Amino acid sequence: QVRLVESGGGLVQAGGSLRLSCAASGSDFRVNHMGWYRRAPGKQRELVARITSAGSTNYADSVKGRFTVARDNAKNTVYLQMNSLKPEDTAVYYCIGMTVLAGTYYPTGSWGQGTQVTVSS
């Protein structure tokens, strides 16, 4: 099973940028589809971005054009570059492995601690 550790969160002003990292260990990272989720206060966890083992990406409408997900298989790491941040992006961000069933992607495995992103107005 993959073990994941998120980092890179922090406090940033609206319009600023952050890059989150997710370091994976414990299995062959290259075969894993990966996702970034976030949970804002009082809200359910939502999928922000997804990257397949082949490098295909998909984004939530709320972050399209602002966030970019990428992976470095040599470093067993997946990244989330976040630009033009807004106060509504404030949340705890998590990475997780994903599995696909009948064309739909689902999170799989254990959630990590996440990393807090706070965007001030």
Side-chain angles (χ1 to χ4, degrees):
Q1 185 173 350
V2 179
R3 188 171 73 248
L4 304 167
V5 178
E6 303 94 340
S7 62
L11 173 63
V12 63
Q13 289 188 331
S17 298
L18 284 173
R19 188 176 81 155
L20 307 183
S21 299
C22 172
S25 62
S27 72
D28 189 354
F29 174 74
R30 294 170 298 174
V31 303
N32 290 322
H33 309 307
M34 299 295 297
W36 281 100
Y37 283 74
R38 68 185 179 188
R39 175 176 279 168
K43 296 186 178 181
Q44 290 188 333
R45 190 150 31 200
E46 63 173 348
L47 179 63
V48 173
R50 182 189 75 221
I51 185 165
T52 70
S53 58
S56 297
T57 59
N58 187 272
Y59 300 92
D61 287 343
S62 59
V63 307
K64 279 182 182 176
R66 300 188 298 120
F67 290 12
T68 303
V69 59
R71 64 191 300 157
D72 185 337
N73 290 336
K75 295 182 177 180
N76 282 5
T77 301
V78 62
Y79 303 98
L80 186 67
Q81 178 67 44
M82 306 186 296
N83 299 328
S84 302
L85 282 161
K86 304 175 180 180
E88 52 263 43
D89 294 318
T90 295
V92 179
Y93 285 71
Y94 304 85
C95 67
I96 191 82
M98 302 195 80
T99 189
V100 58
L101 181 63
T104 300
Y105 287 82
Y106 300 92
T108 184
S110 300
W111 296 98
Q113 295 292 320
T115 186
Q116 175 71 48
V117 171
T118 303
V119 185
S120 63
S121 57

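Bear in mind the structure is a predicted one, so any value in this text is a computation, not a measurement.
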For [X] and [Y], which heavy atoms make the closest approach, and how far apart are they?
{"X": "Asn83", "Y": "Ser17", "answer": "OD1-OG, 2.9 Å"}
{"X": "Ala23", "Y": "Thr77", "answer": "CA-OG1, 4.2 Å"}
{"X": "Thr115", "Y": "Gly8", "answer": "OG1-N, 3.9 Å"}
{"X": "Gly114", "Y": "Tyr94", "answer": "CA-CD2, 3.6 Å"}
{"X": "Pro41", "Y": "Thr90", "answer": "CD-O, 4.2 Å"}

Pair listing, salt bridge (charged side-chain N to carboxylate O under 4.0 Å, His left out) test, anchored in residues 5-17, at least two apart
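The answer is none; no pair qualifies.
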[atom2] on [Y] to [atom1] on [X], rounded to 0.5 Å:
{"X": "Leu18", "Y": "Leu11", "atom1": "CG", "atom2": "CG", "result": "9.0 Å"}
{"X": "Arg3", "Y": "Asn76", "atom1": "CZ", "atom2": "CG", "result": "11.5 Å"}
{"X": "Ile96", "Y": "Leu47", "atom1": "CD1", "atom2": "CG", "result": "11.5 Å"}
{"X": "Gln13", "Y": "Ser121", "atom1": "CD", "atom2": "OG", "result": "9.5 Å"}
{"X": "Met98", "Y": "Trp36", "atom1": "CE", "atom2": "CH2", "result": "13.0 Å"}
{"X": "Thr57", "Y": "Arg71", "atom1": "OG1", "atom2": "CZ", "result": "11.5 Å"}

Got [X] and [Y] here, is their nearest side-chain heavy-atom distance under 4.5 Å?
{"X": "Val78", "Y": "Asn32", "value": "no"}
{"X": "Cys22", "Y": "Tyr93", "value": "no"}
{"X": "Thr52", "Y": "Tyr105", "value": "yes"}
{"X": "Leu85", "Y": "Phe67", "value": "yes"}
{"X": "Val12", "Y": "Met82", "value": "no"}

According to a hydrophobic-cluster definition based on side-chain heavy atoms being under 4.5 Å apart (Ile, Leu, Val, Met, Phe, Trp, Tyr only), do Tyr59 and Val119 belong together?
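Yes, it is one cluster - the side chains of Tyr59 and Val119 are joined through contacts under 4.5 Å.
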Following the transitive rule for hydrophobic clusters with a side-chain heavy-atom cut-off under 4.5 Å over Ile, Leu, Val, Met, Phe, Trp and Tyr, establish whether Leu80 and Tyr37 coincide in one cluster.
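No.
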Could you give me the CA-CA distance, side-chain angles and deciding distance for Lys86 and Asp89, then say whether salt bridge (Lys or Arg N to Asp or Glu O under 4.0 Å) is met?
CA-CA 5 Å; Lys86 304 175 180 180; Asp89 294 318; over 6 Å; no
Just wondering, more than 12 heavy atoms not from Gln113 lying within 6.0 Å of its CD?
no
For Glu46, which residues count as a salt bridge (charged side-chain N to carboxylate O under 4.0 Å, His left out) partner, sequence neighbours excluded?
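By the salt bridge (charged side-chain N to carboxylate O under 4.0 Å, His left out) rule, Glu46 matches Arg38.
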When you measure from the centre of the six-membered ring of Trp111, is the NZ or CZ of Arg45 closer than 6.0 Å and no more than 45° off the axis?
yes
